[in-house]
Amino acid sequence: MRITIFGAGAIGGYLAAKLAMAGRVDLSIVARGAHLDAIRANGLRLIEDGHESSASVRAAAQAQELGVQDYVVLALKAHSVAPALDQIAPLLGEGTAVVTMQNGVPWWYFHKIGGSLEGTRLQAVDAGGVIWDRLGPERVIGSVVYPAAEVDAPGLVRHIEGKRFSLGEPSGERSERVTRLAEEMVAAGLQVPVRDDIRSEIWVKLWGNLSFNPISALTGSTLAAIAADEATRTLARAMMLEAQAIGESLGVRFPISVDRRIKGAGDVGEHKTSMLQDLERGRPMEIDALVTAVQELGRLTGQPTPTIDSVLALVRRLAIERGCYSPL
């Protein structure tokens with residue numbers, strides 16, 4: 001089995017290290033800069049449970065060096081996928097599956113969903129349908145990523161917590177390709193449930209990201225602080241209720257209550273969200289995949305989003321002023 005991890009940062013690097021150490025697949029990664037140089041010189045190093053190990057990984061700056069793959073795992077942020085399409089193309093053959101590991105609403109959301117919105121292309125995450133046309137939604141295996149990891153230094157990934165990567169076909173079927181990939185990931189020591197409704201699981205994670213991420217960026221607050229403060233907790237709850245109405249109108253099942261989801265976020269503790277970390281470091285923020293796309297879904301389903309609209313306007317303006325956002 002030939003697998004390429006495209007975007008070997010924290011999550012991509014963690015997954016690559018686990019698969020490489022298991023030694024069961026023909027694994028390669030696409031990386032760049034000092035990270036690539038360090039991996040080539042010393043292998044991909046992983047700190048997990050207080051122990052450091054190293055895996056020999058074939059690493060390339062250009063995907064064309066690697067050839068056609070059975071699976072391409074996109075471990076990029078959502079806004080980085082379209083600019084990378086030319087790089088990704090040489091990895092794709094007739095039967096190549098593409099595993100999307102982005103947070104937020106995926107560009108393929110309306111592929112194989114059925115109903116009147118079947119085939120709808122979401123402009124917030126795929127302007128002009130470029131990704132849809134170039135990658136093809138029929139290649140997609142959806143994923144929801146739960147591990148937390150950081151790149152401590154070039155070539156060195158530190159695992160913080162979590163080992164679950166949920167997988168699912170957009171159609172809900174338990175295909176051979178998703179089953180085989182799950183088996184290899186499980187053999188590498190990961191928890192990999194295959195879901196028949198990956199969209200509902202995407203929404204449960206999105207529920208928190210949609211609200212806590214922009215609120216944290218606007219306030220500089222951690223998850224625990226937002227959940228503990230009555231005003232910001234109420235704001236997050238209002239955004240989540242608007243999102244729930246949209247999701248349910250699309251057939252999504254929410255297995256937990258809003259208040260339980262908020263408590264879960266608060267229980268994470270004094271953690272800065274990824275959007276706040278990106279703002280502080282001057283990096284592009286995932287506003288469109290996490291918030292704008294939900295607003296677009298509200299327009300498509302006729303569900304009002306007044307709170308989401310207001311928070312989106314503020315966080316987008318902040319990001320523009322800090323040079324951390326460019327519309328697609």
Side-chain angles (χ1 to χ4, degrees), residues 1-6 15 25 68-76 78 81-82 85 88-89 91-126 128-146 164-186 190-207 209 243-244 246-255 289 293-294 296-297 300-301 303:
M1 183 186 293
R2 293 170 58 83
I3 301 177
T4 287
I5 311 293
F6 196 102
L15 176 58
V25 301
V68 172
Q69 303 292 305
D70 296 309
Y71 298 87
V72 175
V73 177
L74 298 183
L76 306 165
V81 174
L85 289 173
I88 296 167
L91 301 170
L92 306 179
E94 184 177 344
T96 304
V98 173
V99 186
T100 57
M101 290 192 171
Q102 287 72 55
N103 283 325
V105 181
W107 57 270
W108 51 263
Y109 190 88
F110 288 109
H111 174 63
K112 296 289 187 181
I113 197 172
S116 61
L117 292 174
E118 171 67 36
T120 298
R121 304 180 185 200
L122 291 168
Q123 296 304 302
V125 288
D126 185 18
V130 175
I131 304 173
W132 186 292
D133 289 336
R134 292 284 302 277
L135 290 185
E138 68 280 354
R139 294 187 185 277
V140 166
I141 294 173
S143 177
V144 182
V145 175
Y146 293 96
R164 177 153 59 102
F165 292 80
S166 295
L167 299 177
E169 292 277 2
S171 65
E173 65 180 307
R174 189 173 288 263
S175 65
E176 180 182 356
R177 67 179 188 174
V178 73
T179 301
R180 288 185 63 215
L181 179 60
E183 288 171 352
E184 293 302 331
M185 292 173 66
V186 168
L190 302 170
Q191 299 167 358
V192 192
V194 176
R195 305 300 195 194
D196 61 6
D197 182 11
I198 194 67
R199 290 180 185 84
S200 288
E201 191 158 339
I202 287 171
W203 270 93
V204 172
K205 186 175 183 184
L206 171 63
W207 221 6
N209 285 339
Q244 182 174 359
I246 295 167
E248 289 178 343
S249 73
L250 292 168
V252 171
R253 303 188 301 268
F254 289 83
V294 178
E296 184 176 349
L297 290 173
L300 287 170
T301 57
Q303 299 294 325

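All of these numbers come straight from a predicted model, not from anything done at the bench. Just so you know, these numbers use all the heavy atoms, side chains as well, and skip hydrogens, waters and symmetry mates.
Side-chain contact between Val99 and Val178 is absent, with no heavy atoms from C-beta onward closer than 4.5 Å. Looking at Pro137 and Trp107, their side chains come closer than 4.5 Å, going by heavy atoms from C-beta outward. Taking 4.5 Å as the limit, every side-chain heavy atom of Val252 sits out of range of all side-chain heavy atoms of Trp207. Residues Leu92 and Val98 meet the side-chain proximity criterion, which asks for heavy atoms closer than 4.5 Å. Side-chain atoms of Leu181 and Asp70, non-hydrogen and from C-beta on, never get closer than 4.5 Å to each other. Between Ile198 and Ile141, every side-chain heavy-atom pair lies at or beyond the 4.5 Å cut-off. Within the 4.5 Å cutoff, no side-chain heavy atoms of Asp197 are placed close to those of Trp203. Within the 4.5 Å cutoff, the side chain of Val81 has no heavy atoms near those of the Asp126 side chain.
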Leu117 vs Leu250, test: side chain to side chain contact (heavy atoms under 4.5 Å, CB included). Steps then yes/no. CA-CA 9 Å; Leu117 292 174; Leu250 292 168; 3.8 Å; yes

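Contact detail for Ala289 and Leu206: the closest heavy-atom pair is O-CD1, 4.3 Å. Scanning both residues, Met185 and Val192, for their nearest heavy atoms gives CB-CG2, 3.4 Å. Of all the heavy atoms in Val294 and Ile246, the pair that sits closest is O-CD1, 3.5 Å. Here the shortest heavy-atom pairing between Tyr109 and Arg199 reads O-NE, 2.8 Å. When every heavy atom of Thr100 is checked against every heavy atom of Gly142, the shortest pair comes out as OG1-CA, 3.9 Å. The two residues Gly128 and Gln123 come nearest to each other via the heavy atoms N-OE1, 2.8 Å.
Lys112 has no carboxylate O lying under 4.0 Å from a charged side-chain N of Glu169, or vice versa, which leaves the two without a salt bridge.
For Arg174 (side chain) and Asp196 (main-chain N/O), no donor-acceptor pair under 3.5 Å exists by modelled atom type. Judged by distance alone, with hydrogens and angles left aside, the side-chain atoms of Tyr146 form no donor-acceptor pair with the main-chain N or O of Lys205 at under 3.5 Å.
Once rounded to the nearest 0.5 Å, the distance linking CD1 of Ile3 with OG1 of Thr96 reads 12.0 Å. Considering CD1 of Ile202 and CZ of Arg195, their distance stands at 12.0 Å, rounded to 0.5 Å. Distance check: Leu74 CG to Arg139 CZ gives 11.0 Å after rounding to the nearest 0.5 Å. In this structure, CH2 on Trp132 lies 6.5 Å from NE2 on His111, to the nearest 0.5 angstrom. Atom CD in Glu296 sits 13.0 Å away from atom CZ in Arg121 (nearest 0.5 Å). To the nearest 0.5 Å, the span separating CZ on Arg134 from CD1 on Ile88 amounts to 9.0 Å.
Inspection of the Thr301 and Gln303 side chains reveals no N or O donor paired with an N or O acceptor under 3.5 Å.
For Glu118, the CD atom is densely surrounded, since the number of other residues' heavy atoms within 6.0 Å is greater than 12.
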